[in-house]
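Structure first, commentary second.
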Amino acid sequence: MPYLDALYNFAYKLTLNEDDAKDLLQDTCMKAYRFINSFEKGTNAKAWLFRILKNSFINDYRKKSKAPAMVDYQDVESYYNSDKGDSSREITVDLRAETVRDKLGDEITIALNSLDVDFRTVIILCDLEGFKYDEMAKILDIPIGTVRSRLHRARNMLKVKLAVYAAKMGYK
Amino acid sequence: MNKLIHWIGKTFGSKSNKCPEEEHCLELARLMLDEESTADDKQYVMKHIGSCYKCYDNYDVEKAIREVVKQKCKNLKIPQDVTNQIREKIGAH
């Protein structure tokens, strides 16, 4: 079955729990198998499968899955109120250095996971899975303008989180 | 080359140096990196970041973040036992 790794990756990023991710993936596969006739030949199968998984997550798992750690706004606020001022320049230098990128391995995952699931989802679909905006709109059942604005906000939040990490790690 | 540009930026760029088009340029740069921009928007971004350090910087950070996310977050492989369970369930139907 194609796209299993990508679907599992998506399930895990949504639930942040291995067992829930496994269950969610199995549900998705069973639904895809059961409703295969609703798939229109010639359309994007990967997007169709991601949509089933996303709907299953909303219906069955979102309530019971653990709430993701929220962005630590106090950290963000204190960072911006400090005399460090222009954070974008500081993180610029950091993120492009290979050594910092290596060290940012865990932090980037933590930063991504700490975003609210709606924001996390658009980054995963766009950056990891390479979906186009119109495909994301179909997967998420939202207008394309909302995809665009949600992605913009998600990227802003991720950047702030990474700036905070970089500052904490002492990179300037 | 990047290091040189950064050195120039850090050395000569004032921290209070603001670009009035920064927000607009960042939005279009993101669309460009997502391959969702129009040809006109792309042309605007490329021309603008060629002469504005602040916006070049923003663009480069955006690119770097995407690369790090791709590099660090995509390596999750499905456990073999899950694949087997799915095969068994589908086979049983």
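Chain letters run A, B, ... following the sequence lines, proteins first, then strands; residues in each count from 1. Keep in mind the model is a prediction, meaning the values are calculated, not measured.
- For A:Ile124, no part lies under 4.5 angstrom from a heavy atom of chain B.
- For a residue to count as touching a neighbouring chain, one of its non-hydrogen atoms must lie under 4.5 Å from one of that chain's; by this rule A:Asn156 touches chain B with backbone and side chain alike.
- Residue B:Leu33 does not touch chain A at all, counting heavy-atom pairs closer than 4.5 Å.
- Ring to ring, B:Tyr44 and B:His24 are close: their centroids are under 6.0 angstrom apart.
- Of the two parts of B:Glu35, the backbone and the side chain both hold a non-hydrogen atom closer than 4.5 Å to a non-hydrogen atom of chain A.
- The environment of A:Lys132 atom NZ is dense: over 12 non-hydrogen atoms of other residues, nucleotides or ligands sit within 6.0 angstrom.
- For a residue to count as touching a neighbouring chain, one of its non-hydrogen atoms must lie under 4.5 Å from one of that chain's; by this rule A:Leu112 touches chain B with the side chain only.
- Using cut-offs of 30° and 60° for the angle between ring planes, the A:Phe131 and A:Phe50 rings count as perpendicular.
- Both the sub-6.0 Å distance and the 45° axial angle are not jointly satisfied by A:Lys22 relative to the ring of A:Tyr8.
- A donor-acceptor pair under 3.5 Å links the side-chain atoms of A:Asn17 to the main chain of A:Asp19, judged by distance alone.
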